[in-house]
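Note that these values count all heavy atoms, side chains included, but never hydrogens, waters or copies made by symmetry. These numbers were taken from a predicted model, which means no experiment stands behind them.
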Amino acid sequence: DDGYQSPTSLRSAAVLAATQGTYVYSTLNVTNTFVAGSVSFAYRVSAGLNFGDLEFLIDDVSAFVSVSGETGWLTTTVPIPTGSHKLTWRFRNKLNFACNVLGSINCADRVWIDQVQLPLPGASLSILKGPFGEGLVIGDAGISCGTSCVAVVPVGTQITLNAIAQGFSVFEGWSGSGCAGTTACTLVVTGNQFVTANFVPTPELFPPGCQFPPNWVMPAGATTGWEV
């Protein structure tokens, strides 16, 4: 239908409530993983005053509700955090008869949206540590992981990861998403990916502290003694 600064737009269905005062909806959803940013769009409402409006939801939580009645084209911007989200636009109407009988012969019981701008699509890089040792993984995009972490970055982002062994552990190497070896791993995030940094305990010195273990004894009369 006629759009905002363009010849086309998306238009809801014309819906009427079965019972006046109870909302009925015409709904549009999009689900994706996004980096932090904002959703902006133009919208127009043509509905009964105090009866019909446009609602925008993020993960089924209302984030914006327009005014009702006849609005003409307006714009709004809503912030969105990093992560996987369901975005919903829906025309809400609680009028159970056509709104054009309220005085506006052009009232349509619909809403329109146009010029929708979404944050950059993102992908998750999940970093795991295993199996038994201690260590830290640091890298671009603020990555600093102990046991595990997930970073959401724009698709196509190049990330360099470094593994740092801690305590009585050594870094044995990378696995997953093309990472291998024991040096820094550089990868390009093309989708949801997993990388594991494999830390293992350092072989323990025996006897501890280079001292003869207490309560370990040699039998009397032994001709050859054990020693450290």
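Taking the six-membered ring for Trp and thresholds of 30 and 60 degrees, W73 and Y4 have ring planes inclined between 30 and 60 degrees apart. Using a 30° and 60° split on the angle between ring planes, F171 and F199 fall in the tilted class, from 30° to 60°.
Between F64 and F41 there is a side-chain heavy-atom pair separated by less than 4.5 Å.
Contact record, Q193 with S177: CB-OG, 3.2 Å, taken as the closest heavy-atom pair. Contact detail for S169 and G133: the closest heavy-atom pair is OG-CA, 3.4 Å. Closest of all the heavy-atom pairs between N32 and P121 is ND2-CB, 4.2 Å. Closest non-hydrogen pair, S126 versus V150, comes out as OG-CG2, 3.6 Å.
Taken together through direct or relayed side-chain contacts under 4.5 Å among Ile, Leu, Val, Met, Phe, Trp and Tyr, L161 and I164 form parts of separate hydrophobic clusters. Linking Ile, Leu, Val, Met, Phe, Trp and Tyr residues whenever their side-chain heavy atoms come within less than 4.5 Å places V45 and V24 in a single cluster. Hydrophobic clustering of Ile, Leu, Val, Met, Phe, Trp and Tyr side chains at less than 4.5 Å, counting indirect connections, keeps F34 apart from I159. Note: the hydrophobic cluster containing V65 does not contain V39 (ILVMFWY, side chain heavy atoms under 4.5 Å, direct or indirect links). In the hydrophobic clustering of this structure, V78 groups with V116; members are Ile, Leu, Val, Met, Phe, Trp, Tyr whose side-chain heavy atoms approach within less than 4.5 Å, directly or through other members.
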Intermediate values then yes/no, side-chain hydrogen bond (donor to acceptor under 3.5 Å, both in side chains), N29 and T88
CA-CA 5 Å; N29 294 326; T88 301; 2.6 Å; yes
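Using modelled atom types, one finds a donor on one side chain and an acceptor on the other under 3.5 Å when comparing D114 with S6. Judged by distance alone, the side chains of S66 and D53 never bring a donor and an acceptor atom under 3.5 Å apart.
Residues Y43 and F91 place their aromatic rings such that the two centres sit no closer than 6.0 Å.
Panel note: side chain S46, backbone A108; a donor-acceptor pair is recorded below 3.5 Å. Between the T82 side chain and the V35 main chain, no donor and acceptor come within less than 3.5 Å of each other. Side-chain N or O atoms of S38 include none that pairs as donor or acceptor with a backbone N or O of P79 at under 3.5 Å. Proximity of a side-chain donor or acceptor of W174 to a complementary backbone N or O of T183 within less than 3.5 Å is detected.
Residue E172 places its CD atom among 12 or fewer non-hydrogen atoms of other residues, nucleotides or ligands, all under 6.0 Å distant.
Under the 4.0 Å criterion applied to side-chain N and carboxylate O atoms, K86 and D59 are not assigned as salt-bridge partners.
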